[in-house]
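As a basis for the values below, the full set of heavy atoms in this structure was taken, side chains included, without hydrogen atoms, waters or symmetry mates. One-based numbering, in listed order, for ligands and for the atoms of each. All figures in this text were calculated on a predicted structure; none of them were measured in a lab.
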Amino acid sequence: MSPHDAPLPPIRLGINVDHIATIRQARRCAEPDPVTAAALAELAGADQITVHLREDRRHIQDRDVRILRDTVRTALNLEMAVAEEMVAIALDVKPDQACLVPEKREEVTTEGGLDVRGGLARVKEVTARLRAAGIAVSLFIDAEPDQIAASAEAGATSVELHTGTYANARGAEKARALEVLVAGARQADDAGLAVHAGHGLDYWNVGPVVEIEELQEVNIGHAVIARAVLLGLEQAVSDMKALLER
Ligand code: PXP
């Protein structure tokens, strides 16, 4: 077997537990705790825990990030805006990886990739400060040639290719979106960047993404938490039913 035929190493799975915090924040109470969810995800084989501390604190809270820093046994990936408040928190908490994302207050979730080319000076400066503190820096970008080139210029360790367009596309558009991801992965790898992917990946669309040779890591939230809620419902109802017996 030539080295070319050697099986590719498995892709690392980062589980985004923001949605657990979303359920908790709906009641502003203690449960469900994303810290507990993170521990269970790790016991099930997750290679990384991902959280997005948003400026509006709509789901993950500062307390979650700080406790997770102590409890996560795999790796902690902090998604964050390129805002000074978040940079200060990251430098203090020291996640294993920071993933720089664009952030708009009104959005339901992260929309589009970071404009690294447009904000190169600032992204480069923040990347250097985070890396000097021993934090790996991933840039969440659309798989566009110029954004990939700018990410290398910014000194990032990796790019997380935005898979949202691929996830939402149908038919020929989906095949085209996949080609864009494949080409982007190759370009990023050639530029010395590790290749990650995320957003909108689910149990039906992840297969072709897994075939991207250069891909090392995916971060998945919604699909996994949605499945967990439904698969856990039967047990949860029967546990309550048992308490009502007399
Ligand atoms: N990666 C990044 C950079 C994200 O912003 C998100 C959403 O928070 C994800 C991955 C996970 O996306 P999803 O919840 O659609 O799996």
Side-chain angles (χ1 to χ4, degrees), residues 11-23 25 34 37-38 41 46-61 64-65 68 75-83 86 90 95-116 123 126-127 130 135-144 147-148 151 156-169 177 181 184-185 188 193-207 209-210 212 215-230:
I11 295 166
R12 288 193 308 278
L13 174 61
I15 293 292
N16 180 318
V17 295
D18 292 353
H19 283 340
I20 300 290
T22 298
I23 299 174
Q25 293 313 109
D47 301 295
Q48 170 168 279
I49 299 301
T50 295
V51 288
H52 184 175
L53 184 66
R54 295 184 68 102
E55 208 184 351
D56 62 10
R57 307 298 199 272
R58 71 172 70 156
H59 39 54
I60 293 295
Q61 305 297 305
D64 302 328
V65 179
L68 284 168
L76 179 63
N77 176 33
L78 178 66
E79 292 178 4
M80 52 178 271
V82 193
M86 293 304 155
D96 299 281
Q97 177 171 269
C99 179
L100 304 185
V101 300
E103 198 176 297
K104 294 192 217 94
R105 270 180 189 273
E106 328 77 58
E107 68 191 358
V108 176
T109 180
T110 314
E111 292 166 1
L114 187 67
D115 181 9
V116 181
V123 174
V126 167
T127 299
L130 293 169
I135 303 166
V137 177
S138 185
L139 303 178
F140 182 57
I141 57 165
D142 292 318
E144 291 169 5
Q147 295 296 346
I148 296 166
S151 299
T157 38
S158 59
V159 283
E160 180 169 324
L161 300 180
H162 192 320
T163 47
T165 303
Y166 160 76
N168 293 329
L181 292 171
L193 294 159
V195 182
H196 305 167
H199 215 285
L201 294 176
D202 65 22
Y203 295 86
W204 290 270
N205 65 27
V206 79
V209 173
V210 172
I212 300 175
L215 189 62
Q216 295 184 17
E217 173 184 312
V218 291
N219 286 291
I220 305 181
H222 185 86
V224 170
I225 304 305
R227 180 171 284 218
V229 168
L230 293 182

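Residue contacts with ligand 1: G200 is placed with a nitrogen or oxygen under 3.5 Å of a nitrogen or oxygen of the ligand (distance criterion only). Taking only nitrogen or oxygen atoms, main chain and side chain alike, G221 reaches within less than 3.5 Å of ligand 1.
With a 4.0 Å cut-off on non-hydrogen atoms, H52 does not touch ligand 1 at all. The proximity of E79 to ligand 1, defined as any non-hydrogen pair under 4.0 Å, is limited to the side chain.
Within the listing of ligand 1, atoms 10 (C), 11 (C) sit less than 4.0 angstrom from a heavy atom of N219. Close contacts between ligand 1 and N16 involve ligand atoms 8 (O) [criterion: under 4.0 Å to a heavy atom]. With ligand atoms numbered from 1 in the order given, ligand 1 contributes 16 (O) to contacts under 4.0 Å with heavy atoms of I220. Near V101, meaning under 4.0 Å from one of its heavy atoms, ligand 1 places the atoms 3 (C). Against a heavy-atom cut-off of under 4.0 Å, F140 is close to the following atoms of ligand 1: 3 (C). Each of the following atoms of ligand 1 lies closer than 4.0 Å to a heavy atom of H222: 13 (P), 14 (O), 16 (O).
With C99 as the partner, the side-chain contact (heavy atoms from CB on, under 4.5 Å) test is satisfied by one option alone out of E160, H52, M80: E160.
Counting only distance, with no hydrogens or angles, the side chain of E55 and the backbone of E103 share no donor-acceptor pair below 3.5 Å. Listed for the T163 side chain is a donor-acceptor partner under 3.5 Å among the backbone atoms of G198. Between the D142 side chain and the G113 main chain, a donor and an acceptor come within less than 3.5 Å of each other.
Ring-centre distance between H19 and H59: not below the 6.0 Å cut-off.
Heavy-atom minimum distance, N205 versus G200: ND2-O, 3.0 Å.
A side-chain donor-acceptor contact under 3.5 Å links N77 and T50.
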